[in-house]
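Below is one structure, written out as structure tokens, with a few remarks after it.
This one's a predicted model, so the numbers in the text were calculated from it and none came from an experiment.
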Amino acid sequence: MVDYIDQINQEQVKNESNLFMPGDTVEVYQKIIEGNKERIQVFTGIVIAKKHNKNQEYFTVRKVSKGVGVEKIFPLHSPSIEKIVVLKKGKVRRAKLYYLRERVGKKSVVKEKR
Amino acid sequence: MTIGIMGEKLGMTRVFDKKGDSIPVTVILAGPCPVIQLKDKEKDGYKAVQLGFKEIKKKKISKPLLGHFNKVKIAPLKYLREFKVEDIYTISPDTEIKVDIFQEGERVNVTGISKGKGFAGAIKRHNFAGGPKTHGQKEYHRAVGSLGATDAQRVFKGKKLAGHMGEDKVKIKNLEVVRVDSERNLILLKGSVPGAKGTILTINKTV
């Protein structure tokens, strides 16, 4: 029998999942609709986690804004995501970088991959 | 009532709408359902349309039922359901009811058999509170409690007790149609519907 649910999920796939890895610094361009107006919001930060549900991936971006840590979880294939730009490749030894939440100052900086 | 359709629950997933919001949907393989019989008031006493769903091998059904299908020259089908329709003459025999009778954004009611829970206690079946967990309690955690007053000297009929739960006919009303795929005979409804995967459902338009 044909797996129709798999087909429906497959049709919604938009972005490639290996575009970026945890530790990378990315810019996420997100479309935001307010009433009739449409604008683009840019969220810049470090990717601290990726969830690999088949064809339904999610990723978490963390940044520190005015001393307050902010995290946003994006569905990778959401139509509201205009584009994702990788600014820096990070050098990390874990898949989930939740340890960054407790770090401040110089320790919270992820080394760049060269 | 207008005519509905029969379908098989395939499972749940999520789709995105135009705004980018994620919507939980149930995917149902609905139709095509051939019209087997039209029942009218003079002959049968009531007006209804009988539909069939899901093809089956010839040897799997009884000979009298095979004769019923041979009358309208349709391959044997596993499930038969009746839909009470007021003007049956608008539906011509030897046609197929397909999923395109529904449009996106429409509201529907879905009927099916819910998942069986077996012999369930009063906490699960009737949302009883149970007994205290601590403070010297022994073996009185999930008990029913009092069955009634002492002067009645009997337990009243309809007292909520433990027993068989689930496998009931359940109707979920006012579900939104998110998408209709007439090529693959799929209908996507917002939210959940009764039963496990593979449950046969009937989908009706809301009146």
- Side chain, backbone, both or neither: which part of A:Q30 has a non-hydrogen atom closer than 4.5 Å to chain B? neither
- Message: How long is the straight-line distance from OH of A:Y4 back to OG1 of B:T13, given to the nearest 0.5 Å?
- Response: 15.5 Å
- Would the number of heavy atoms belonging to other residues, nucleotides or ligands and lying under 6.0 Å from CE of B:M12 be above 12? yes
- Message: Does A:R94 have more than 12 heavy atoms from other residues, nucleotides or ligands lying within 6.0 Å of its CZ?
- Response: no
- What do you reckon, is NZ of B:K197 surrounded by more than 12 foreign heavy atoms closer than 6.0 Å? no
- Note on the structure: Heavy-atom closest pair (B:R179 atom, A:I8 atom, distance to 0.1 Å) is NH1-CG2, 4.4 Å
- Message: Heavy atom to heavy atom, less than 4.5 Å: which residues from residues 21-29 of chain B reach chain A?
- Response: B:V27, B:L29
- Query: Can you tell me if A:Q12 and B:R14 form a side-chain donor-acceptor pair at under 3.5 Å?
  - Reply: no
- Task: Could you tell me which of A:I33, A:D3, A:I5 has the largest number of non-hydrogen atom pairs under 4.5 Å with chain B?
- Result: A:I5
- Message: Counting only heavy atoms from other residues, nucleotides and ligands, does the tally under 6.0 Å from NZ of A:K89 exceed 12?
- Response: yes
- Please tell me if the side chains of A:S80 and B:F16 come closer than 4.5 Å, counting only heavy atoms from C-beta onward. no
- Query: Within a reach of under 6.0 Å around NZ of B:K190, are more than 12 heavy atoms found that belong to other residues, nucleotides or ligands?
  - Reply: no
- Message: Take a 6.0 Å sphere around NZ of A:K91 and say whether it holds more than 12 heavy atoms from other residues, nucleotides or ligands.
- Response: no
- Query: For B:L10, is it the side chain, the backbone, both or neither that has a heavy atom under 4.5 Å from a heavy atom of chain A?
  - Reply: both
- Message: Would you say NZ of B:K159 has more than 12 non-hydrogen atoms from neighbouring residues, nucleotides or ligands within 6.0 angstrom?
- Response: yes
- Is B:K18 paired with A:E38 through a side-chain N to carboxylate O contact shorter than 4.0 Å? no
- Item | B:G20 to A:P79 - nearest heavy-atom pair and separation | CA-CG, 4.0 Å
- For atom CG of A:N18, decide whether the heavy atoms of other residues, nucleotides or ligands shown that lie under 6.0 angstrom number more than 12. yes
